[in-house]
Amino acid sequence: MRAQFLSIRLTEAESRLVARLNQITGLSKSALVKRALKEMSAAHDGAAASSLFDPGAANFGRHGDATRQSAGIKRVLRERLNAKRTG
């Protein structure tokens, strides 16, 4: 595969964010951009195939109390559905 180059202009805030992520993760600028692209691609690919179970999956069984757990899951689902309606 032939290497391709990408040049982008960053705002001052975006530049600071890249520098901070570089310090936190130790990843190069290129690696940060590649990871972001992969994560965005996975999020968009998974959004079409996701079910109503997926948004709350991380919270299932987390509290042991179904009432507390249910409220958090309902909130997540409402946010997800509202985002789809408005976006």
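Because the structure is predicted, anything quoted here is derived from the model rather than measured.
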| Should Ile8 and Leu37 be regarded as members of a common hydrophobic cluster, given that ILVMFWY residues are connected when their side-chain heavy atoms come within less than 4.5 Å of each other, either directly or indirectly? |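 No; Leu37 is not reachable from Ile8 via cluster members.
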
| message | Under 4.5 Å between side-chain heavy atoms, counting indirect links through other Ile/Leu/Val/Met/Phe/Trp/Tyr residues: same cluster for Met40 and Leu6 or not? | response |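 Cluster IDs for Met40 and Leu6 differ.
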
| task | Taking all heavy atoms of Glu14 and all of Arg9, pick out the closest pair and write down the distance. | result |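 So the minimum-distance heavy-atom pair works out to OE1-O, 4.1 Å.
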
Can you measure from [atom1] ([X]) to [atom2] ([Y]) and round to the nearest 0.5 angstrom?
X: Lys29; Y: Leu10; atom1: NZ; atom2: CG; answer: 8.0 Å
X: Asn22; Y: Leu17; atom1: CG; atom2: CG; answer: 11.0 Å
X: Arg20; Y: Thr25; atom1: CZ; atom2: OG1; answer: 10.5 Å

